[in-house]
2 protein chains.
Amino acid sequence: MSTPATITRAGGAARIAEEIGAAIVAGVYRPDELVPGELELCRRYGASRSVVREALKLLSAKGLIESRKRTGTRARSREAWNALDADVLAWRLKNGAEPKFVFDMLHMRAVVEPAAAAMAARSHTPATLAAIEEAFAEMERAANDAALYADPDRRFHKAILVATGNDFMAAFAALIEVALGMFVRIASRHAGAPAPSVPLHRAVLEAIRRRDADGAYAAMLALIDRTSRNVERNVRRAKRRT
Amino acid sequence: MSTPATITRAGGAARIAEEIGAAIVAGVYRPDELVPGELELCRRYGASRSVVREALKLLSAKGLIESRKRTGTRARSREAWNALDADVLAWRLKNGAEPKFVFDMLHMRAVVEPAAAAMAARSHTPATLAAIEEAFAEMERAANDAALYADPDRRFHKAILVATGNDFMAAFAALIEVALGMFVRIASRHAGAPAPSVPLHRAVLEAIRRRDADGAYAAMLALIDRTSRNVERNVRRAKRRT
DNA sequence: CCGGACGATATGTCAGACATATCGATGCGC
DNA sequence: GCGCATCGATATGTCTGACATATCGTCCGG
């Protein structure tokens with residue numbers, strides 16, 4: 001089966017890991033026990049065992065699986081997953097996340113981001129402040145177009161986390177970026193132009209600029225509260241629809 | 001070279017990933033470019049290319065490396081690392097962490113753990129509360145033995161994060177556990193018995209038990225502040241010694 | 001009824017080959 | 001002399017088939 005046709009011939013180990021990873025977090029393979037054997041996966045994805053095994057290593061590095069000899073490879077339970085890994089987060093969001101998961105994410109953002117804004121107010125440098133300002137400027141320009149608004153929005157939140165000067169806070173950026181990609185899907189589905197959120201972002205920026213840590217904390221908290229309310233409203237609406 | 005003697009014959013892919021990962025975060029391989037080729041790694045670790053490649057996949061899943069064809073495998077710069085991965089954290093702490101990194105970790109704990117204590121105060125169940133209480137009881141018993149104290153201390157902080165009922169907070173437990181393993185090395189090297197920290201932990205537990213979110217927040221913040229002061233004192237002392 | 005031996009089966013490891021992309025040098029034409 | 005296409009060297013990527021190793025079930029004997 002060397003170089004078979006061209007069917008399903010795109011990624012390699014990464015593509016296979018992508019599919020299996022998504023399946024695991026979607027609950028296709030239940031915690032403890034399960035997961036098809038390597039040669040079955042070879043057949044299913046039309047790849048050699050080397051590639052399949054490399055894909056499995058990618059997943060094992062993220063805490064999704066664990067292999068033992070004779071027994072086979074089993075999906076690990078949710079507590080073992082690296083929930084703070086961007087790929088794992090993306091997989092969990094892929095197939096329509098449950099409300100509890102969305103709110104967990106929002107609660108964590110409500111903890112981390114206001115604190116990050118306060119740290120950024122204390123620690124920003126000309127360069128990191130400029131990155132925040134640049135992102136905000138583009139948000140203002142796109143205030144009437146939800147599609148154009150999403151990207152600078154991500155950059156805005158990321159720039160603040162980076163401006164903290166704290167490696168761990170900066171590491172959250174990868175998570176927040178993935179999460180924002182979903183929140184706009186949920187929160188702005190029924191909302192109009194993103195213009196109303198611009199003043200809230202401006203308040204964060206200005207507090208950071210004048211090194212007002214408490215003000216930045218409060219402004220960011222207000223911003224996330226608004227997102228939470230939007231999401232909550234839409235989740236309720238979706239539930240009513242079912 | 002099938003089954004060579006028994007020398008350096010322990011782990012497999014995990015062991016090799018361990019060594020290379022530690023080397024990368026230690027700065028042996030500088031950001032962008034670098035890292036020996038696969039066959040060179042085979043020679044160096046006495047393993048076949050399959051095993052080496054699987055080890056490299058483990059590292060690539062954590063953002064430490066990136067491979068391209070002809071060019072080779074390069075170490076990625078620090079911003080790309082999954083800083084919130086427990087293994088990456090452990091590697092960074094392995095070879096005596098720099099002060100900045102230790103304080104970054106403490107600042108993050110000061111953001112996350114007080115908020116977690118507050119969430120736990122609101123959301124704990126009989127089972128999750130019992131886990132906190134059990135860990136604290138053992139801390140009291142080991143109040144005069146630093147060696148015995150470390151393990152229940154870890155369990156105490158982890159139990160609180162789990163008691164939040166929030167998946168992301170619970171995911172921090174893996175990080176905190178690794179970090180605590182180092183803080184006791186740094187903070188208690190010159191400290192006596194851990195007894196003085198027991199009342200601070202008790203205050204956290206009791207606030208959670210009576211569902212006093214604000215009190216739990218404040219008590220946990222006080223606890224971490226004390227750790228920060230201990231670490232700071234020891235870092236200064238270490239610097240003076242050099 | 002219990003316990004040890006044994007075979008079946010999964011992952012783990014090895015070896016060698018070919019595929020593929022890309023960097024760098026070479027040499028051609030202008 | 002200079003730019004550009006060509007080609008070879010070299011790294012990772014993939015495939016194949018074999019053997020090693022641990023462990024679960026089963027079967028057999030005490």
Side-chain angles (χ1 to χ4, degrees), chain A residues 1-21 24 29-30 32-76 80, chain B residues 1-21 24 29-30 32-76 80:
Chain A
M1 196 184 288
S2 58
T3 319
T6 47
I7 188 67
T8 62
R9 204 110 235 339
R15 190 186 67 85
I16 297 178
E18 188 80 17
E19 291 201 34
I20 302 179
I24 290 175
Y29 305 118
R30 300 253 148 234
D32 272 329
E33 294 302 336
L34 282 316
V35 180
E38 291 175 359
L39 32 89
E40 163 66 15
L41 293 173
C42 291
R43 197 190 56 71
R44 197 174 299 188
Y45 295 104
S48 72
R49 204 152 84 93
S50 323
V51 176
V52 167
R53 283 183 58 81
E54 286 170 13
L56 292 177
K57 290 295 180 189
L58 287 172
L59 297 177
S60 118
K62 296 178 186 300
L64 292 187
I65 58 171
E66 193 174 23
S67 297
R68 281 164 49 187
K69 296 221 162 161
R70 155 82 186 180
T71 314
T73 301
R74 56 188 68 197
R76 302 183 68 186
Chain B
M1 194 184 284
S2 60
T3 319
T6 48
I7 188 68
T8 62
R9 206 105 232 345
R15 189 186 67 85
I16 297 178
E18 189 80 15
E19 291 200 33
I20 302 178
I24 289 175
Y29 305 118
R30 301 249 149 238
D32 271 329
E33 292 303 336
L34 281 317
V35 180
E38 291 174 358
L39 34 89
E40 163 65 16
L41 293 172
C42 291
R43 198 189 55 72
R44 197 176 297 188
Y45 294 104
S48 71
R49 203 152 85 92
S50 323
V51 177
V52 167
R53 283 183 58 81
E54 285 170 14
L56 293 177
K57 289 296 180 190
L58 287 172
L59 297 177
S60 117
K62 296 177 187 300
L64 293 187
I65 58 172
E66 193 174 23
S67 297
R68 280 162 49 188
K69 296 225 161 157
R70 155 82 183 180
T71 313
T73 301
R74 56 189 67 197
R76 302 183 70 184

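Lettering follows sequence order; numbering is per chain, from 1.
Residues B/L59 and B/G21 share a closest heavy-atom pair of CD2-CA, 3.8 Å.
Residues satisfying the side-chain contact (heavy atoms from CB on, under 4.5 Å) test with A/S60, not counting sequence neighbours, are A/I65, B/L58. For B/R30, the side-chain hydrogen bond (donor to acceptor under 3.5 Å, both in side chains) criterion is met by no residue, not counting sequence neighbours. With sequence neighbours excluded, the residues that form a side-chain hydrogen bond (donor to acceptor under 3.5 Å, both in side chains) with B/E18 are B/W91. Under the side-chain hydrogen bond (donor to acceptor under 3.5 Å, both in side chains) criterion, B/E66 pairs with no residue, sequence neighbours left out. For B/R44, the side-chain hydrogen bond (donor to acceptor under 3.5 Å, both in side chains) test picks out B/Y29, B/E40, with sequence neighbours left out.
For the pair A/E54 CD and C/dG12 P, the computed distance is 13 Å after rounding to whole Å. Atoms CZ (B/R53) and C1' (C/dT13) sit 15 Å apart, rounded to a whole Å. Per the geometry, CZ belonging to B/R15 stands 10 Å off P belonging to C/dT13, to the nearest Å. Remark: C1' of C/dA15 and CZ of B/R43 are 18 Å apart, rounded to the nearest angstrom. Separating the CZ atom of A/R49 from the P atom of D/dA18 is a distance of 13 Å, rounded to the nearest angstrom. At whole-Å resolution of the value, CG in B/L56 and P in D/dT14 are 13 Å apart. Here C/dA15 presents its P atom at 15 Å from CD of B/E38, a figure rounded to the nearest Å.
Listed pair B/T73 / D/dT12 meets the phosphate criterion, a side-chain N or O lying under 4.0 Å from OP1 or OP2.
With the nearest nucleotide of DNA chain D identified for both B/L39 and A/S50, B/L39 has the one nearer the 5' end.
Proximity of residues 64-72 of chain B to DNA chain C (heavy atom under 4.0 angstrom from any strand atom) is restricted to B/R68, B/K69, B/R70.
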